[in-house]
Participant: 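First the structure, then my questions, so here it is.
Scope of the values below: all heavy atoms of this structure, side chains included, with no hydrogens, waters or symmetry mates. All values reported here derive from a predicted model rather than from experimental measurement.
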Amino acid sequence: MLFFFFFLAMPVTVTRTTITTTTTSSSSNVVGSPRALTQPLGLLRLLQLISTCVAFSLVASVAAWTGPMGNWAMFTWCFCFAVTLIILIVELGGLQARFPLSWRNFPITYACYAALFCLSSSIIYPTTYVQFMAHGRTRDHAIAATTFSCIACLAYATEVAWTRARPGEITGYMATVPGLLKVFETFVACIIFAFLSEPFLYQQKPALEWCVAVYAICFILAAVTILLNLGDCTNMLPIPFPTFLSGLALLSVLLYATAIVLWPLYQFDQRYGGHPRRASDSSCTYTHPHSVCYWDRRLAVAILTGVNLLAYLCDLVYSARLVFVKV
């Protein structure tokens with residue numbers, strides 16, 4: 001999670017509509033040519049393609065995925081393989097202009113999501129699935145798949161580091177720190193929703209239902225921001241895009257500030273019907289390989305609420321500092 005805070009304290013110039021770059025004749029010849037695969041970024045994407053392909057192939061060959069955790073890992077590797085293949089095809093064919101989404105925003109947005117997806121699979125799959133497997137060929141394949149998942153995560157993170165906005169560079173919004181934070185915020189919100197899959201955790205208590213509403217509202221607003229940039233539709237807003245971003249970040253900070261107080265208070269304070277100790281939760285008295293007990297879910301949501309609040313605070317600071325230039 002510290003990956004997204006690595007690029008702080010960098011002024012960036014962003015354009016809402018166009019991007020200007022300086023290229024050499026050699027780089028222009030690479031576009032739409034097999035030589036694109038010999039460039040550093042092309043080789044990195046080949047590594048992403050191969051590592052995700054090997055990961056899901058190893059697991060599929062021994063049917064080593066069962067339950068929601070195994071299904072999530074398999075989905076992650078297959079999805080990342082498919083989208084990376086599409087990106088390589090577009091690059092090789094020089095089809096960026098025909099791609100339905102903004103090409104200056106899409107690859108880095110996808111690479112950021114893919115890094116987070118593979119990171120989650122590299123943690124969840126071995127801790128909730130592999131460690132409960134008996135020693136043998138199936139377990140060996142699962143361990144090898146986890147290794148290739150880690151390699152894929154590093155490859156995607158490297159692409160984000162290579163293609164992110166540099167100081168003074170004119171680029172797309174999603175390549176900036178606030179853009180990458182939007183990806184991180186939506187990803188964390190999705191994890192929160194996964195832990196809240198049991199309505200029992202928040203129903204019958206208006207304060208907890210409000211917290212769930214906060215997570216949903218902030219997720220939708222951040223997702224809309226990402227979609228506006230991917231579709232190059234930011235100039236369709238009735239207000240200037242920088243004003244929209246600052247207002248959105250401020251609203252999200254205020255909403256999450258209420259959730260960071262109410263969620264732990266009503267989940268862990270005995271005066272409000274909470275469970276202060278893990279031992280008091282009967283669902284935690286036994287260990288099931290593919291499930292998380294209710295108390296652990298409550299704790300995870302509380303921690304992730306704090307993480308997302310910090311992300312939104314950083315987002316607010318950078319949205320206020322970001323310099324937008326219409327080219």
Side-chain angles (χ1 to χ4, degrees), residues 4 7 12-21 31-32 41 45 48 75-76 79-117 156 159-160 162-165 169-190 193 215-252 308 311-312 315-316 318-320 322-327:
F4 293 91
F7 311 116
V12 179
T13 303
V14 177
T15 174
R16 299 191 312 170
T17 54
T18 59
I19 179 171
T20 58
T21 57
V31 177
L41 189 57
R45 286 173 175 159
Q48 298 165 0
F75 164 78
T76 294
F79 173 79
C80 292
F81 170 81
V83 179
T84 303
L85 181 61
I86 291 173
I87 291 176
L88 283 173
I89 292 173
V90 171
E91 292 280 0
L92 288 173
L95 305 174
Q96 293 90 334
R98 298 184 180 182
F99 195 74
L101 300 176
S102 168
W103 195 253
R104 72 175 184 270
N105 285 311
F106 175 74
I108 191 168
T109 303
Y110 160 71
C112 200
Y113 272 121
L116 291 169
F117 281 10
Y156 285 115
E159 179 178 347
V160 174
W162 283 1
T163 58
R164 65 181 174 84
E169 181 182 5
I170 299 178
T171 184
Y173 171 77
M174 296 307 298
T176 65
V177 171
L180 296 175
L181 283 171
K182 287 290 187 298
V183 174
F184 180 71
E185 292 156 5
T186 54
F187 178 78
V188 172
C190 288
F193 295 144
Y215 304 142
I217 292 170
C218 294
F219 169 79
I220 292 172
L221 292 175
V224 167
T225 303
I226 294 173
L227 292 175
L228 285 173
N229 281 278
L230 291 180
D232 267 340
C233 302
T234 55
N235 50 5
M236 296 176 61
L237 292 170
I239 58 175
F241 188 54
T243 304
F244 170 77
L245 290 175
S246 298
L248 171 62
L250 178 59
L251 175 63
S252 299
N308 239 6
Y312 278 113
D315 196 352
L316 177 61
Y318 274 90
S319 294
L322 208 56
V323 179
F324 287 83
V325 178
K326 187 175 181 180
V327 179

Participant: Taking all non-hydrogen atoms of both residues into account, name the closest pair between Ala175 and Thr163 and its distance.
Facilitator: CB-O, 4.0 Å
Participant: For the residue pair Phe99 and Trp103, categorise the inter-ring angle as parallel (less than 30°), tilted (30 to 60°) or perpendicular (more than 60°).
Facilitator: perpendicular
Participant: So how far is it from Leu41 CG to Leu88 CG, rounded to the nearest 0.5 Å?
Facilitator: 9.0 Å
Participant: Quick one: do the Tyr156 and Tyr110 side chains pair a donor with an acceptor below 3.5 Å?
Facilitator: yes
Participant: How close do Pro107 and Glu159 get, heavy atom to heavy atom, and via which atoms?
Facilitator: O-OE2, 3.9 Å
Participant: Specify whether Phe117 and Phe79 have parallel, tilted or perpendicular ring planes, treating 30° as the upper limit for parallel and 60° as the lower limit for perpendicular.
Facilitator: tilted
Participant: Would you say Tyr173 and Thr225 are linked by a side-chain donor-acceptor pair, where the criterion is simply a distance under 3.5 Å?
Facilitator: no
Participant: Met236 and Leu228: side chain to side chain contact (heavy atoms under 4.5 Å, CB included), yes or no, with the steps?
Facilitator: CA-CA 9 Å; Met236 296 176 61; Leu228 285 173; 5.8 Å; no
Participant: With rounding to the nearest 0.5 angstrom, report the CZ to CD1 distance, Phe81 to Ile86.
Facilitator: 10.5 Å
Participant: Show, in sequence, the C-alpha distance, side-chain angles and deciding distance for Met174 and Arg104, and conclude whether the side chain to side chain contact (heavy atoms under 4.5 Å, CB included) test is met.
Facilitator: CA-CA 8 Å; Met174 296 307 298; Arg104 72 175 184 270; over 6 Å; no
Participant: Among Ile226, Val160, Val83, Ile108, exactly one meets side-chain contact (heavy atoms from CB on, under 4.5 Å) together with Tyr113. Which residue is that?
Facilitator: Ile226
Participant: Rounded to the nearest 0.5 Å, how far does CG of Leu92 lie from CD1 of Ile87?
Facilitator: 12.0 Å
Participant: CG of Leu116 to CZ of Phe187: how many Å apart, nearest 0.5 Å?
Facilitator: 5.0 Å
Participant: Starting at SG of Cys190, measure out to OH of Tyr215 and round the result to the nearest 0.5 Å.
Facilitator: 14.0 Å
Participant: For Arg45 and Thr84, which heavy atoms make the closest approach, and how far apart are they?
Facilitator: O-CG2, 3.6 Å
Participant: Specify the closest pair of heavy atoms between Ala222 and Thr186, including all atoms of both residues, with the distance to one decimal.
Facilitator: CB-CG2, 3.6 Å
Participant: Just by distance, no angles: are the side chains of Asp315 and Ser319 close enough, under 3.5 Å, to form a donor-acceptor pair?
Facilitator: yes
Participant: Mind running side chain to side chain contact (heavy atoms under 4.5 Å, CB included) on Leu221 and Glu185 for me, showing each step along the way?
Facilitator: CA-CA 10 Å; Leu221 292 175; Glu185 292 156 5; over 6 Å; no
Participant: At what distance, to the nearest 0.5 angstrom, does CG of Leu248 lie from CG of Leu316?
Facilitator: 10.0 Å
